[in-house]
Amino acid sequence: MIVGEWKAYPARVALAALAIAIGVALGFAVHLINTSALSEFDRAIRTVNGDADLQVHAASALGFDEALYPRLQRLPVVAEASPVVELPAQAGERTAITLMGLDVLRAGRVTPNLAGKADGPGDPFDEQALFLSSAALRASGRRVGDTITVTAGGRQAAFTIAGGLPGVADGQRIGVVDIAAAQWRFGQLGRLQRIDLRLREGADPARSAAAVAAILPVGAEIASRQTEERRSDSLSRAYRVNLDMLALMALLTGGFLVYSAQSLSVTRRRPQFALLRVLGVSRRALLAQILIEALAVGGLGAIAGLALGVGLASAALRFLGGDLGGGYFSGATPRLAAAPGAAATFGVLGLAAAMIGSLLPARQAALAQPAVALKNLGDAVDPATWPRVWPAVVLLALGGAAAFAPAVAGLPILGYLSIALMLAGGVAAMPWLARALLSPLQGAVISSSAVSLAVRRLWGAPSQAAIALCGIVASTSLMIAMAVMVSSFRGSVEDWLYQVLPADLYVTLDNAQSGGGFDAATQSRMAAVPGVAWIGFLRDTPLRLRPDAPPVSLIARTVVTGPAGGLPLLGHSLAAPAGETPVWVSEPAARLYGYRAGDRITLPLGAAGTRVFVAGVW
């Protein structure tokens, strides 16, 4: 009977399987892309960390006093400490790189991956020698032996490219020079941005980290490979989860299409099922037959979806990158990661969507009275009674309540559940809605016999109308929701930009984070340019406030008129107590770090830190 049904209506089966395949393919492809991007990012972290067990990072680009280095080296738990000057830099005209100044002897025992390989008689101790990774070399358009100008910390210096960095992962733009040259030539004398630590054999990592943390100044923090991975994961987690959920929405829509196809198939075959019941087939066997059909459809869709997902992921990684254009994972094109566990999970999800979509039609077929079904009287619902609307009201109410629920572990899990509940509520309301909309036409005189029959058929069999509409309702509502969401987001960002960036023109100085900037004379000349009515200056300094959380940007700027310098505030701005410096934190920073107006926080600036007063949230 299953084979006969498929031969009679192959397009219906193919459509249901295709719906499942698309949902599985999108979900699996997005998961593969995210996994591959994170794997590439983790590989980059391992490359830079080398054999270091712990790292001490500067909380800001200004670095910390190099006197910390010998203190760490003398700790009993530390076998080797390697000091590092790490600066955002520009090689040549427009090639952004990370410039590292290394103690070659120390780095060779702690981070050997960063050791440069001379191409010829190059000397790694030469103050003119620069070693570039393959990605940096390609981007700069230079070759080994060429001279290149490097800009960092507001200063420029010429170097000779002495060789490459074979241990650095492809895609990472890194340049390595001798640490003395980096400190001297880029204004970092007495300063370090990082110290890599290798612990002694058998040292307990937790106790060692506590011993290191005990002697750190305010401007430094301890980090490990795990905290760096958590930091990178937290930066893109919401983006990745949203992509996963949007892909699963396609699978949810596929489940509704399977439900529609199976319901119509079951309705058409109701007399056949009734005859089987009369001939002695049990309800359980009839239920099993319909679910086996769904399992076969779901299996075909899942297999096709997994194969299509691999192809989609491979193409997306090649042409769009590991972040699909989101800007989270810059660098090399990630290699496609194997994920057998994810393949099994999405395959099971495809089967589950097909099974759940067929469960209600199968149950209706099994519970139908054979004598009534043999007469093929049409809708299973008595036309004299109105369809029940309370299940739809309950689902819609639960969906609305879930939309206002708080996040779970920082993710809007119940918000996604709200989407599914609202869709289910909309589909469940279709029989009642069809009856309500068609009731006024019952007494109307319709000249067209075809239209009259159609209206009376839909009025008398509203559940069949709902079956035909459920796939359209699900897919159309999701498309409209996406269009509204994207347009609302674009409009909100546009309004926000006009508030946050009200000036007519902005001038940015490259690589100013580590010390560069406009001097007073340049500022005066810019202010005197004809046509300039007002000019303001700002400095943006990234600060690492927690090892496993994204950094924040400390923006010191010329204050314009209005509360909080014209920032769009949430609530009111508080007056800072006498002698205290006010700061206004952005809404994301307030949520991430738990800041509220009236709090006092310590910023890692200066030897003892800088205590500031949170005057408001913008």
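When all heavy atoms of F131 and G164 are compared, the closest pair comes out as CD2-O, 3.9 Å. The shortest non-hydrogen separation linking S553 to D540 is CB-OD1, 3.2 Å. Of all non-hydrogen atoms in H31 and A342, the two that sit nearest each other are CD2-CB, 3.2 Å. Between L414 and P406, the shortest heavy-atom contact is CD1-O, 4.4 Å.
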| request: Give the intermediate values and the outcome of side-chain contact (heavy atoms from CB on, under 4.5 Å) for residues L68 and L192. | output: CA-CA 9 Å; L68 179 62; L192 296 174; over 6 Å; no

| message | Please determine whether side-chain contact (heavy atoms from CB on, under 4.5 Å) holds for the pair L197 and D53, giving the CA-CA distance in whole Å, both sets of side-chain angles, and the decisive distance to 0.1 Å. | response | CA-CA 6 Å; L197 303 175; D53 300 304; over 6 Å; no

| request: Start with the C-alpha gap between T98 and E86, add the side-chain angles, then the distance that decides, and say whether side-chain contact (heavy atoms from CB on, under 4.5 Å) holds. | output: CA-CA 7 Å; T98 298; E86 185 174 11; 3.7 Å; yes

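D519 and T522 share a donor-acceptor pair across their side chains, judged by distance under 3.5 Å alone.
At least one side-chain heavy atom of S140 sits less than 4.5 Å from a side-chain heavy atom of I148. Inter-residue side-chain proximity for P604 and L543 is flagged as met; some heavy-atom pair is nearer than 4.5 Å. The shortest side-chain heavy-atom distance between I215 and L75 falls under the 4.5 Å cut-off. The closest side-chain heavy-atom distance from Q73 to E80 is below 4.5 Å. With contacts defined as side-chain heavy-atom distances shorter than 4.5 Å, the pair V612/R600 does not qualify. Inter-residue side-chain proximity for V85 and R191 is flagged as unmet; no heavy-atom pair is nearer than 4.5 Å. Side-chain contact check for R185 versus Q128: some heavy-atom pair is nearer than 4.5 Å.
We find the CD1-OG1 distance between I601 and T610 to be 10.5 Å, quoted to the nearest 0.5 Å. The CG atom of L62 sits 7.0 Å away from the CG atom of L605 when rounded to the nearest 0.5 Å. To the nearest 0.5 Å, atom OG1 of residue T345 and atom CZ of residue F28 are 9.5 Å apart. The CG atom of L216 lies 11.5 Å from the NE2 atom of H57; values are rounded to the nearest 0.5 Å. In this structure, CG on D178 lies 11.5 Å from CH2 on W184, to the nearest 0.5 angstrom. Distance check, rounded to the nearest 0.5 Å: CG of L137 to CG of L165 gives 9.5 Å.
Ring-plane geometry between F159 and F186 is classed as parallel, the angle between the planes falling under 30 degrees on a 0 to 90 degree scale with a further cut at 60.
F489 CZ: 12 or fewer foreign heavy atoms inside a 6.0 Å radius. Counting heavy atoms of neighbouring residues, nucleotides and ligands inside a 6.0 Å radius, atom CZ of R200 exceeds 12 of them. Within a 6.0 Å radius of CZ in R591, other residues, nucleotides and ligands contribute 12 heavy atoms or fewer.
By the 6.0 Å and 45° rule, R106 does not stack over the aromatic ring of Y69.
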